[in-house]
Asks: 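One structure follows; several queries about it will come next.
Just so we're clear, the structure is a prediction, and the values are computed from it rather than from any experiment. Just so we're on the same page: letters track the sequence lines, and every chain starts at 1.
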Protein chains: 2
Amino acid sequence: MAAYDHPDPATFELTLVLRALADPARLEIVRHLERVGEANCATLIGTRPKSSMSHHFQVLRDSGVLRTRIEGVQHRNSLRREELDMRFPGLLTAILNAP
Amino acid sequence: MAAYDHPDPATFELTLVLRALADPARLEIVRHLERVGEANCATLIGTRPKSSMSHHFQVLRDSGVLRTRIEGVQHRNSLRREELDMRFPGLLTAILNAP
DNA sequence: TGCCTTGTTCGATTATTGTCGAACAATATG
DNA sequence: CATATTGTTCGACAATAATCGAACAAGGCA
C-alpha cells in the first residue's frame with residue numbers, strides 16, 4: 001500500500017474542516033484520537049461497517065484533521081493538532097472542549 | 001409576523017452549529033454580521049435569490065448562531081456571540097479569525 | 001384602499017453525502 | 001503457499017441538503 005496524500009497546512013480549507021467535523025461519527029473518531037493519541041481503524045469501528053469507517057477517515061484526512069501512517073497492515077491515525085492550530089488557532093481545542 | 005423561535009443556549013448542539021457554519025454562503029453571512037453588528041436580510045443578498053437566503057438564515061437561527069429581531073417589515077439579524085461563547089468557548093472566535 | 005417593500009413558505013429539482021455489501025489489495029503468519 | 005487480518009475501492013441506493021421560482025403574508029405609506 002502506498003502512503004496517503006496529506007494536504008499541506010497552508011491549503012487547509014475552513015469549510016472543509018468544519019464539514020469534516022460536522023458529523024457525529026467523525027466527531028467521535030476525533031474525540032477518541034484525542035484521548036488515545038493514535039489508533040488504527042479497526043479499534044474505532046463500533047457498529048459501523050469497515051467501508052463506512054474508511055469513508056469517514058478519508059474525509060478527515062482530506063480536510064487535514066488527521067494523518068494516517070501505515071505500519072505493516074495497520075493504518076495508524078492521529079490528529080494533526082499542531083498543523084491545525086497553526087492554520088486555525090483555537091479551533092480544534094474549542095471543538096474538543098465543547099459539550 | 002410572529003417573533004421567531006430561538007433555541008436556548010443550553011440546547012445548542014455542536015454538530016448543528018458546525019453544519020451551519022460549514023457552508024460558504026452562511027460563513028459569509030456570519031463574517032458580515034461580525035463586521036456590521038446587525039443587518040437585515042436584504043442587505044446580505046448578493047446574487048442569491050431571497051428564498052435561498054431565507055433558508056440560510058433559518059439554518060443559522062435554528063442552530064443558535066444568530067438571532068432575528070423583527071422591526072416593522074425588516075428582520076434584523078445579529079450574532080449570538082455571548083451565548084455561543086458561553087456554550088462553546090472560543091469556537092466562534094476561532095472561526096471568525098480563520099483565513 | 002392600493003401598492004410597495006421585506007421576507008417567508010411551498011414545491012419541485014438537483015446536488016451532495018452517507019451507508020453498506022462485495023470484491024479486491026497488501027501484509028503477515030502458520 | 002495457504003490463510004487470516006486490515007483496510008480500500010467500487011457501485012448502488014438512501015437520505016439529506018441546497019437552489020430557486022412563484023405565491024403568499026405583513027407592515028408601511030401615499
Side-chain angles (χ1 to χ4, degrees), chain A residues 1-7 13-33 36 38-79, chain B residues 1-7 13-30 32-33 36 38-78:
Chain A
M1 184 95 203
Y4 288 101
D5 264 1
H6 293 95
E13 288 233 21
L14 180 61
T15 55
L16 278 188
V17 171
L18 294 179
R19 264 217 297 276
L21 296 171
D23 177 278
R26 292 194 289 261
L27 206 48
E28 209 180 304
I29 292 175
V30 169
R31 288 197 199 280
H32 182 82
L33 287 181
V36 305
E38 196 180 47
N40 64 348
C41 302
T43 67
L44 283 159
I45 294 182
T47 107
R48 302 169 212 269
K50 302 185 297 177
S51 50
S52 296
M53 293 305 278
S54 189
H55 164 68
H56 289 309
F57 279 107
Q58 189 187 336
V59 172
L60 289 167
R61 198 182 310 118
D62 290 350
S63 68
V65 173
L66 59 78
R67 100 195 84 230
T68 308
R69 183 170 66 84
I70 299 183
E71 191 159 315
V73 80
Q74 299 195 357
H75 297 197
R76 305 272 174 74
N77 303 282
S78 55
L79 296 180
Chain B
M1 183 94 204
Y4 288 100
D5 263 0
H6 294 94
E13 290 233 20
L14 180 61
T15 55
L16 278 187
V17 171
L18 294 178
R19 265 217 297 278
L21 296 171
D23 178 278
R26 291 194 289 261
L27 206 49
E28 209 180 303
I29 291 174
V30 168
H32 182 83
L33 287 181
V36 305
E38 197 180 47
N40 63 350
C41 302
T43 65
L44 284 159
I45 294 182
T47 108
R48 303 169 210 269
K50 300 186 299 177
S51 49
S52 297
M53 293 305 277
S54 189
H55 164 68
H56 289 309
F57 278 107
Q58 189 187 333
V59 172
L60 289 167
R61 195 160 46 235
D62 290 350
S63 67
V65 173
L66 60 75
R67 98 195 88 230
T68 308
R69 184 170 64 85
I70 300 184
E71 191 158 316
V73 81
Q74 299 194 357
H75 296 197
R76 304 272 173 76
N77 302 281
S78 55

Asks: Quick one: the side chain of B:S51 and the base of D:dG21, do they pair up donor-acceptor inside 3.5 Å?
Replies: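 Yes, a donor-acceptor pair under 3.5 Å.
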
Asks: Please determine, for the side chain of A:R48, which listed nucleotide (C:dG7, D:dG7, C:dT19) has the closest atom?
Replies: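 When the side chain of A:R48 is considered, C:dT19 is the closest of C:dG7, D:dG7, C:dT19.
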
Asks: Please give, in whole Å, the distance from C:dT6 P to B:Q58 CD?
Replies: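 It works out to 21 Å between those atoms.
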
Asks: Please compare A:P49 and A:E71 by the position of their nearest nucleotide in DNA chain C and report the one closer to 5'.
Replies: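 The residue mapped nearer the 5' terminus is A:P49.
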
Asks: Can you find a side chain N or O atom of B:R26 that sits less than 4.0 Å from OP1 or OP2 on D:dA18?
Replies: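 Yes, within the criterion.
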
Asks: Taking CG from B:L27 and C1' from D:dA18, how many angstroms apart are they, rounded to a whole number?
Replies: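 Answer to the nearest Å: 16 Å.
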
Asks: C:dT6 phosphate, OP1 or OP2: any side-chain N/O from B:N40 under 4.0 angstrom?
Replies: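 Checking B:N40 against C:dT6: no side-chain N or O falls below 4.0 Å of OP1 or OP2.
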
Asks: Given atom CG of A:D62 and atom C1' of C:dT17, what is their separation to the nearest angstrom?
Replies: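 After rounding, the reported distance stands at 14 Å.
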
Asks: In whole Å, what is the span from the CG atom of B:L21 to the C1' atom of D:dA17?
Replies: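 It is 16 Å, rounded to the nearest whole Å.
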
Asks: Heavy atoms only: give me the nearest A:L27-B:L14 pair and the separation to one decimal.
Replies: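 Looking at all heavy atoms of both residues, the closest pair is CD2-CD2, 3.7 Å.
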
Asks: To the closest 0.5 Å, what do you measure between OG1 (A:T68) and CG (A:D5)?
Replies: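 Going from OG1 on A:T68 over to CG on A:D5, the span is 11.5 Å.
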
Asks: Taking only the side-chain nitrogens and oxygens of B:R19, find out if one of them lies under 4.0 Å from OP1 or OP2 of C:dT16.
Replies: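 For C:dT16, neither OP1 nor OP2 has a side-chain N or O of B:R19 closer than 4.0 Å.
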
Asks: What nucleotide among D:dA18, D:dT6, D:dT8 has an atom nearest to a side-chain atom of B:D23?
Replies: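 Per side-chain heavy atoms of B:D23, the pick is D:dA18.
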
Asks: Please determine whether a side-chain nitrogen or oxygen atom of B:H56 lies at a distance below 4.0 Å from atom OP1 or OP2 of D:dA17.
Replies: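 For B:H56, the contact criterion (side-chain N or O under 4.0 Å from OP1 or OP2 of D:dA17) is not met.
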
Asks: Is the backbone N or O of B:R19 less than 3.5 Å from a side-chain atom of B:R26, with the two atoms forming a donor-acceptor pair by type?
Replies: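 Looks like yes, one N/O pair under 3.5 Å.
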
Asks: Base, sugar-phosphate or nothing for B:R69? Non-hydrogen atoms, less than 4.0 Å.
Replies: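 No contact at all - B:R69 keeps every heavy atom at 4.0 Å or more from the nucleic acid.
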
Asks: Using atom CG of A:N77 as one end and atom C1' of D:dT8 as the other, report the distance to the nearest whole Å.
Replies: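 Taking CG of A:N77 and C1' of D:dT8, I get 13 Å after rounding.
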
Asks: Rounded to the Å, how far apart are B:M53 CE and C:dT9 P?
Replies: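 Interatomic distance, CE of B:M53 to P of C:dT9: 16 Å.
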
Asks: Tell me the interatomic distance from A:H55, atom NE2, to D:dA14, atom P, rounded to whole angstroms.
Replies: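 Distance check: A:H55 NE2 to D:dA14 P gives 18 Å.
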
Asks: Above 12 or not: heavy atoms from other molecules or residues under 6.0 Å from CD of A:E38?
Replies: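 Enclosed.
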
Asks: Among C:dG18, D:dT9, D:dC20, which nucleotide has an atom closest to any side-chain atom of B:S52?
Replies: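 Closest nucleotide among those given: D:dC20.
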
Asks: Any side-chain heavy-atom pair from B:H75 and B:F57 closer than 4.5 angstrom?
Replies: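 No, their side chains stay 4.5 Å or more apart.
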
Asks: Identify which nucleotide among D:dA18, D:dT9, C:dT9 has an atom closest to any side-chain atom of B:S54, counting heavy atoms from C-beta outward.
Replies: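 Among D:dA18, D:dT9, C:dT9, the one nearest the side chain of B:S54 is C:dT9.
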
Asks: In whole angstrom, what separates B:K50's NZ from C:dT6's C1'?
Replies: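 Taking NZ of B:K50 and C1' of C:dT6, I get 7 Å after rounding.
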
